[in-house]
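In what follows, a single structure is set out as structure tokens and then discussed.
Just so it is clear: chains get the letters A, B, ... in the order the sequence lines come, proteins before strands, and each one is counted from 1. Every value quoted in this text rests on a predicted model; they were computed, and no experiment measured them. What you see below is based on every heavy atom in this structure, not just the backbone, and it leaves out hydrogens, waters and symmetry mates.
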There are 2 protein chains.
Amino acid sequence: MQIKVAIVEDQRDLREMLGILINGSPGFACIGTFADAEEALLKISDTSPDVVLVDIHLPGKSGIQLIAQLTLQMPNTKFMVCSSLEDDENIFNALKAGANGYIIKSSAPVKILDAIQDVYNGGAPMSSQIARKVVAHFNPRSQDHAEFNKLSPREKEILAYLAKGYRYKEIAGFLFISVETVRKHIQNIYEKLQVGSRTDALNKIGGKSILF
Amino acid sequence: MQIKVAIVEDQRDLREMLGILINGSPGFACIGTFADAEEALLKISDTSPDVVLVDIHLPGKSGIQLIAQLTLQMPNTKFMVCSSLEDDENIFNALKAGANGYIIKSSAPVKILDAIQDVYNGGAPMSSQIARKVVAHFNPRSQDHAEFNKLSPREKEILAYLAKGYRYKEIAGFLFISVETVRKHIQNIYEKLQVGSRTDALNKIGGKSILF
DNA sequence: AGGTCAATTACACTTTCGTGGGATTTGGAA
DNA sequence: TTCCAAATCCCACGAAAGTGTAATTGACCT
């Protein structure tokens, strides 16, 4: 069975080139091309594609907004962003809008076909460099170890409980120490991390609470 | 120049097999193998590897904890998780701990070498299925958390400020409403999420305050 | 032996948070 | 229209969190 692909791309030559590539490849069928978001919104639901290639930089409504709307209407369709840049903001906004993959326009044709196949099969194709950005976004750990490492083991331990939302009284119970001690430790933790509340501390350390 | 690889893997046969694979491949050198986290922590800094393959399921301290510690000591080294499963929790914990890639043990040898090369060059190798899980975490619609979706737009907005650690008074200032209203919204949020504190609420919605 | 630091406890005090009511307005759904 | 959810505001009370200052113990380092 063929994978039905639709294209939303404002540059005419690229749009036609992609159409030819897809129609010329066995297992793929280009069943619609659109030059802008408005046209796509009106007509694309009639074509019921399996995969839609969406350019981010469209005149008028952006490709990200388009994806956000279409994913609501077509829950079973996969969306793959085609961008000329590896712009961080666009990557994350596209993923948040519901895009399933993110490829660079200048990719080799065979890479593009691979990506379509992959996204159709439930994968999340993206270049290695883009994956790196995504992973980096997940990991708030960059340079700020300095403050975190100033914490004593006991303080890290207490911070872990803090992260889990326990009250001072409960933490004191777990560690068999008085609430006053817990309070004092937390006071020291906040000072070392240069924050003034539990939530600030947790935002500062990001996902590091799994250290314990 | 060769890529210096270290291995942390408790299963002896797999550990040796990987070592042979790496040493037998041009451009790669296995400069250390370790059977558990404790051994790795003691000796690995002497070997200064470029890439470390870490099994998640180690006796004693888990591979994730190991990565969390080693990334602090060796900021220029890349870490790649080797797991036998595609366990969601492990994937995200590994990424949060600072892992750069995530591959399945049963991958073809050439895939493993590719992944080492990729992670060494700043990529984030992971299988298509794992990438899908990562991407899904970015996508609001994949979060079918029934409770979360009960929140009204206004409540989500306030929850976002709550996640950033602002006080009621500050939130009220941002939204041009009274503190009492903020308080009431939060009361409703806690009720819908079935929690009793700010930290509980944030833990409930996970690290996904980026939705706003 | 003296010094430093982590860990511990204590008390007093202020601020913020969480909970319990109750109230009004508005817009959309039944 | 009636009903309801959402958003807004108010009051009061107790619990929890955060701040400041002070003191004691034990371990480790010089």
Side-chain angles (χ1 to χ4, degrees), chain A residues 72 145-206 208-209 211-212, chain B residues 41-42 69 72-73 140 143-206 209 211-212:
Chain A
L72 293 175
H145 315 142
E147 289 156 336
F148 178 77
N149 285 327
K150 285 181 187 161
L151 299 180
S152 74
R154 192 58 154 178
E155 286 165 350
K156 289 182 185 178
E157 193 177 8
I158 286 175
L159 182 54
Y161 284 110
L162 220 44
K164 287 176 185 155
Y166 292 112
R167 292 190 281 288
Y168 293 1
K169 198 192 302 177
E170 294 175 306
I171 299 175
F174 293 142
L175 300 178
F176 303 105
I177 58 180
S178 88
V179 177
E180 295 305 322
T181 308
V182 173
R183 185 195 303 282
K184 185 59 178 175
H185 279 307
I186 290 171
Q187 195 175 342
N188 293 332
I189 290 169
Y190 289 174
E191 194 184 348
K192 289 185 183 177
L193 295 182
Q194 299 179 94
V195 297
S197 75
R198 185 190 289 235
T199 311
D200 285 345
L202 301 191
N203 285 333
K204 192 104 182 177
I205 64 166
K208 293 191 187 72
S209 50
L211 297 183
F212 317 106
Chain B
L41 273 173
L42 282 176
Q69 282 193 248
L72 294 176
Q73 300 170 21
Q143 310 180 319
D144 50 345
H145 285 50
E147 289 155 338
F148 177 79
N149 288 323
K150 282 181 187 160
L151 299 180
S152 74
R154 191 58 154 179
E155 286 163 352
K156 289 182 184 177
E157 192 177 8
I158 286 176
L159 181 55
Y161 284 110
L162 219 44
K164 288 175 185 156
Y166 292 113
R167 293 193 281 294
Y168 293 2
K169 198 194 301 179
E170 294 175 306
I171 299 174
F174 293 142
L175 300 178
F176 304 104
I177 58 180
S178 87
V179 177
E180 295 306 323
T181 308
V182 174
R183 186 195 302 281
K184 188 54 156 184
H185 279 306
I186 291 172
Q187 195 174 342
N188 293 332
I189 290 170
Y190 289 173
E191 195 184 349
K192 289 185 182 177
L193 295 182
Q194 300 179 100
V195 296
S197 75
R198 183 189 292 232
T199 311
D200 285 346
L202 301 192
N203 284 334
K204 192 103 183 179
I205 64 167
S209 49
L211 299 185
F212 315 109

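- Atom-to-atom, CG of Leu175(A) to P of dA7(C) comes out at 11 Å; the value is rounded to the nearest Å.
- Distance Ile171(B) CD1 to dA7(D) C1': 16 Å, rounded to the nearest Å.
- Contact between the side-chain N/O atoms of His185(A) and the OP1/OP2 oxygens of dT8(C) is found at a separation under 4.0 Å.
- Residue Thr181(B) is in base contact, counting any heavy-atom pair closer than 4.0 Å across all strands shown.
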- Evaluate side chain to side chain contact (heavy atoms under 4.5 Å, CB included) for Tyr161(B) paired with Val182(B), printing each intermediate quantity in order. CA-CA 11 Å; Tyr161(B) 284 110; Val182(B) 174; over 6 Å; no
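- Side-chain contact check for Leu202(B) versus Leu202(A): every heavy-atom pair is 4.5 Å or farther apart.
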- Message: Does the protein touch nucleotides 11-20 of chain C at the base, only the backbone, or not at all? Give it as B, S and - per nucleotide, heavy atoms under 4.0 Å.
- Response: B----SBBBB
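- Leu162(A) contributes atom CG, which lies 11.5 Å from atom CD of Glu155(A) (distance to the nearest 0.5 angstrom).
- Look at CG on Asn188(A): it is 11 Å from P on dT19(D), rounded to the nearest Å.
- Distance, Glu170(A) CD to dA15(D) P: 15 Å, rounded to whole Å.
- Here the side chain of Arg183(B) pairs no donor or acceptor atom with the backbone of Tyr168(B) at under 3.5 angstrom.
- Rounding to whole angstrom units, CD1 of residue Ile177(A) and C1' of dA10(C) are separated by 14 Å.
- Atom-to-atom, CD of Glu191(B) to C1' of dA5(D) comes out at 13 Å; the value is rounded to the nearest Å.
- For Arg154(B), the CZ atom sits in a packed shell: over 12 heavy atoms of surrounding residues, nucleotides or ligands are nearer than 6.0 Å.
- The CZ-P distance, from Arg154(A) to dG26(D), rounds to 16 Å in whole Å.
- Put simply, CZ on Phe176(B) is 12 Å from P on dC9(D), counting in whole angstrom units.
- Without hydrogens or angle criteria, Asp200(B) side chain to Gln194(B) main chain gives no donor-acceptor distance under 3.5 Å.
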